[in-house]
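In what follows, residues are counted from 1 in the order of the sequence shown. Note that the coordinates shown come from a computational prediction; the quantities given were computed from them, not determined experimentally. As the structure lists them, so they are numbered: ligands from 1, and atoms in each ligand from 1.
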Amino acid sequence: MSVHVQKFGGTSVGTPERIKHVARLILDTKKKTGDQMVIVVSAMGHTTDELIELASKVSSVRNNREMDMLLATGEQVSISLLCMAIHELGAKAISLTGFQARIKAEQVYSKARILQIETEKIKKLLDEDNIVVIAGFQGVADDTEIVTLGRGGSDTTAVALAASLNANVCDIYTDVEGIYTADPRIVPNAKKLKEVSYEEMLELASLGAQVLHPRAVECASSYDTIIHVRSTFSENVGTFVKGVEDLEVKNAISGVAIDKNQAKLALLQVPDKPGVAAKLFTAIADGGYIVDMIIQSVQESQNNDISFTVAKDDLEAVSMITKKVAEEIGCKAVVSDSNVAKVSIVGAGMVGHAGVAASMFKALGDAGINIQMISTSEIKVSCIVDLDECEHAARVIHNVLIPSDIAQ
Ligand code: ADP
Ligand code: ASP
Ligand code: MG
C-alpha cells in the first residue's frame, strides 16, 4: 500500500471550522486513493508569532533552548485537535510530536536540520489503520532535546517524511493555489506556474518566497520527491516542484522574490591591506552568522569601504562582532541600516542573457527606485533597495520581465 503525505499550513488549520474541513479533505483523499495517510500540520494561524511575542514580554534575552520548548507547543495543539476532528468523522487517527515520531535532528536550537527519521513506529501505526498526524517544525536532538527547524519548517518535516516513507509526492496544502511568478498578495498580476524545477524553487525560497521552506526543496531534490503545492480551499491542481529533466516547459524566468528580513552593515574607511576582509568575515562566520551580499569599494586613498548584508534578526549580534573587529583593524566607523529589503529575479533560462539584469535595473531606474547593492549568479539577480520601496520594485520588475505568456 502506498503512503500519502499531506501538510497543512497555519492558515489551513487556523480555526476549528478549518480543522474540520481539513479532516474531511484527508478522509476524501484516503477514500479516493486507498493510501495510508501521514499528515503534517503547522501551528494554528499566527500562534508561533504570538508565542514569540509572549516570550518577549517575559524577557529581553533570547534563550534558544527555551524558545524551542515554547514554540514546539504550537504544533502540539493542532495535531491533537486535528485527530479529534478526524475521530468525529469516524476514522482512526493518532497524533505524534516530533519526538514521538522519532524525527532526529541536530542539536542546534531554532534552526536544526533533520538528520534521520526512524519510521518503524509510524509504519506500525499506519498498518493498524491509523491516520498518523505529526507535528511539523520540530525534532529531537540527542534523544532528549526538543529543537525546531526554523520558521516555515513544517514543509521540511513533510518532505523528509515523504522521502523516508518512499511516498512519490508530498502535498503541501496552503492558502494560495500554488507557486506564482511572485507573491500574489503583493503582485496582483502574478501568474500561477504549472511546474517549477527544484533548482529554481530553491533559489526562490532562499530569496524570500516563503511559500516553501528552502530545506524542504533541498530535501525533495536529494530524494527526488515531487512536491505538489496547492490550496486547502480549492480543488484546483496546484504547482509541481520537480527535477528539471521532468519539466514539460522551461521558462527563461520563473519568478520575482522579496526578502524583507535583510539588514545592511558598512565599515567606513577600512585600511586597504591584505587580511582585513578575512579577519572580519571569519569572526562573523565563527559566530554562526551568514553574510549574504558583500561589496568592497575602491577608493583613491589607502582606505576602502566594505558593505554587507545579514538577516535582520542577526543584525544586533553581527553589529557587535563587526564593531569589535573594526576597532582592531583601525576602521573609522561602522554604520547599519535595517530599513532595506532584497528584491530578486530567478530563472535557470537567464544564463548568458546579459539583457535580463540590465532590464531589471532599468525597470527600477524608471520607477525612481535606487539600487543600493547588487549580486548576481547564473540563475538570479538580486538588488538591495529601500524597505518601503520593495513591493513597488517587485511589481515593476514583474511587469517588465515576466512574459505574459509564461507557461502556467
Ligand atoms: P503556510 O502557513 O501554509 O505554510 P505560508 O504563509 O508559509 O503558508 O506561505 C504561503 C504564502 O507565501 C502565501 O500566502 C503568499 O503570500 C506567500 N508567497 C510568497 N511568494 C510566493 C510565490 N511565489 N507563490 C505563492 N505564494 C507566495
Ligand atoms: N509554525 C511554524 C512557523 O510559523 C512552522 C511552520 O508554520 O511551518 O514558522
Ligand atoms: Mg509556510
Side-chain angles (χ1 to χ4, degrees), residues 6-14 18 22 40-53 67-68 70-79 98 110-112 114 134-139 147-160 170-196 200-217 227 229-233 238-239 241 251 253-261 313 343-347 390-391 394 397-398 402 406 408:
Q6 298 184 320
K7 177 255 170 178
F8 295 89
T11 315
S12 306
V13 293
R18 287 183 177 176
V22 165
V40 174
V41 276
S42 293
M44 291 173 73
H46 297 290
T47 302
T48 309
D49 292 325
E50 287 157 14
L51 290 171
I52 293 170
E53 173 79 20
M67 278 309 277
D68 278 11
L70 177 69
L71 297 192
T73 63
E75 272 67 14
Q76 200 168 330
V77 171
S78 31
I79 50 171
S110 88
K111 46 186 168 203
I114 295 178
I134 298 175
F137 177 56
Q138 55 182 263
V147 291
T148 64
L149 311 179
R151 296 303 306 269
S154 297
D155 298 333
T156 303
T157 307
V159 175
C170 178
D171 290 332
I172 301 280
Y173 281 89
T174 184
D175 55 4
V176 284
E177 292 210 355
I179 312 288
Y180 285 68
T181 48
D183 186 337
R185 298 185 200 286
I186 294 173
V187 180
N189 57 343
K191 299 199 172 59
K192 187 171 102 185
L193 296 162
K194 186 175 169 212
E195 44 186 28
V196 59
E200 288 169 307
M201 193 60 234
L202 180 59
E203 202 73 43
L204 279 169
S206 309
L207 290 168
Q210 97 220 47
V211 62
L212 277 180
H213 194 234
R215 284 200 202 131
V217 186
I227 305 179
V229 179
R230 57 185 308 180
S231 168
T232 308
F233 310 106
T239 303
V241 185
N251 291 306
I253 292 166
S254 50
V256 177
I258 297 178
D259 185 354
K260 296 183 182 176
N261 183 23
D313 312 331
V343 184
S344 310
I345 179 150
V346 172
C390 71
E391 296 193 357
I397 293 168
H398 191 275
I402 301 288
I406 194 162
Q408 291 167 60

Query raised in the report: Do any nitrogen or oxygen atoms of R185 lie less than 3.5 angstrom from nitrogen or oxygen atoms of ligand 1?
Result: yes

Query raised in the report: Of all the atoms in ligand 1, which lie at a distance below 4.0 Å from a heavy atom belonging to I179?
Result: 24 (N)

Query raised in the report: Distance from T232 atom OG1 to D171 atom CG, nearest 0.5 Å?
Result: 10.0 Å

Query raised in the report: Can you check whether E195 reaches M201 side chain to side chain, under 4.5 Å on heavy atoms?
Result: no

Report task. Could you check atom 7 (O) of ligand 2 against the protein and tell me its nearest heavy-atom contact, residue, atom and distance included? Result -> S42 OG, 3.1 Å

Requested in this report: Report yes if some heavy atom in the side chain of S154 is under 4.5 Å from a heavy atom in the side chain of V41; otherwise report no.
Outcome: no

Query raised in the report: Quick check: does D155 get an N/O under 3.5 Å from an N/O on ligand 2?
Result: no

Query - Value rounded to 0.5 Å, distance of OG1 in T174 from CG in D155 - result: 8.0 Å

Report summary line: Among non-hydrogen protein atoms, atom 6 (C) of ligand 2 lies closest to S154 OG, 3.3 Å

Query raised in the report: Which residue holds the protein heavy atom closest to atom 17 (C) of ligand 1, what is that atom called, and what is the gap in Å?
Result: D183 OD2, 3.6 Å

Query raised in the report: Which distance, rounded to the nearest 0.5 Å, do you find between the OG1 of T11 and the NE2 of H46?
Result: 6.5 Å

Report task. State the atoms of ligand 1, each with its element, that fall below the 4.0 Å cut-off from a heavy-atom position in K7. Result -> 4 (O)

**Report entry** ligand 2 N/O within reach of E75 N/O, cut-off under 3.5 Å
**Finding:** yes

Report task. Select one of side chain, backbone, both or neither to describe which atoms of V176 lie under 4.0 Å from any atom of ligand 1, heavy atoms only. Result -> side chain

Report task. Find out whether V343 and I397 are in side-chain contact, i.e. whether some heavy atom of one side chain is under 4.5 Å from a heavy atom of the other. Result -> yes

Query raised in the report: Looking at V217 and L202, what are the two nearest heavy atoms and their distance?
Result: CG1-N, 3.6 Å

**Report entry** Min heavy-atom dist G153 to ligand 2 below 4.0 Å
**Finding:** yes

Requested in this report: Report the nearest protein non-hydrogen atom to atom 1 (P) of ligand 1: residue, atom name, distance rounded to 0.1 Å.
Outcome: T174 OG1, 3.6 Å

Query - Sub-4.0 Å heavy-atom contact, G178 with ligand 1 - result: yes

Query raised in the report: Is G152 in contact with ligand 1, taking contact as a heavy-atom separation below 4.0 Å?
Result: no

Query raised in the report: Quick one: does K191's side chain get under 4.5 Å of Y180's, heavy atoms only?
Result: no

Query raised in the report: Can you find a pair of side-chain heavy atoms, one from I253 and one from H398, that are under 4.5 Å apart?
Result: no

Query - S42 touching ligand 1 at heavy-atom level, < 4.0 angstrom - result: no

Query raised in the report: Is H213 in contact with ligand 1, taking contact as a heavy-atom separation below 4.0 Å?
Result: no

Requested in this report: State, yes or no, whether a side-chain contact exists between M67 and I52 at a heavy-atom distance under 4.5 Å.
Outcome: yes

Query raised in the report: Any idea which atoms of ligand 2 are less than 4.0 Å away from a heavy-atom of F137?
Result: 2 (C), 5 (C)

**Report entry** Distance (rounded to the nearest 0.5 Å) between T157 OG1 and L149 CG
**Finding:** 4.5 Å

Query - G150-ligand 2 polar pair, N/O distance under 3.5 Å - result: no

Query - Where ligand 1 meets Y180 - atom numbers and elements under 4.0 angstrom, heavy-atom basis - result: 22 (C), 23 (N), 24 (N), 25 (C)

Query raised in the report: Short N/O distance, under 3.5 Å, between G10 and ligand 1?
Result: yes

Query - Interatomic distance, L212 atom CG to S206 atom OG [nearest 0.5 angstrom] - result: 11.0 Å

Requested in this report: Look only at interatomic distance and state if Q210 has a nitrogen or oxygen under 3.5 Å from any nitrogen or oxygen of ligand 1.
Outcome: yes

Query raised in the report: Below 4.0 Å from any atom of ligand 2, is there a heavy atom belonging to G152?
Result: yes

Query raised in the report: With a 4.5 Å limit on heavy-atom distance, are the side chains of V241 and V196 in contact?
Result: yes

Query raised in the report: Side chain or backbone of S154 under 4.0 Å from ligand 1, or both, or neither, by non-hydrogen atoms?
Result: neither

Report task. Look at D175 together with R185 and state whether they make a salt bridge at an N to O cut-off of under 4.0 Å. Result -> yes

Requested in this report: Starting from atom 4 (O) of ligand 2, find the nearest protein heavy-atom neighbour and note its residue, name and distance.
Outcome: R151 NH2, 3.0 Å

Query raised in the report: Are any of the N/O atoms in D175 less than 3.5 Å from those in ligand 1?
Result: yes

Query raised in the report: Is K7 close to I172 at the side-chain level, that is, under 4.5 Å between some pair of heavy atoms?
Result: yes

Report summary line: Closest to atom 27 (C) of ligand 1 among protein heavy atoms sits V211 CB, 3.6 Å

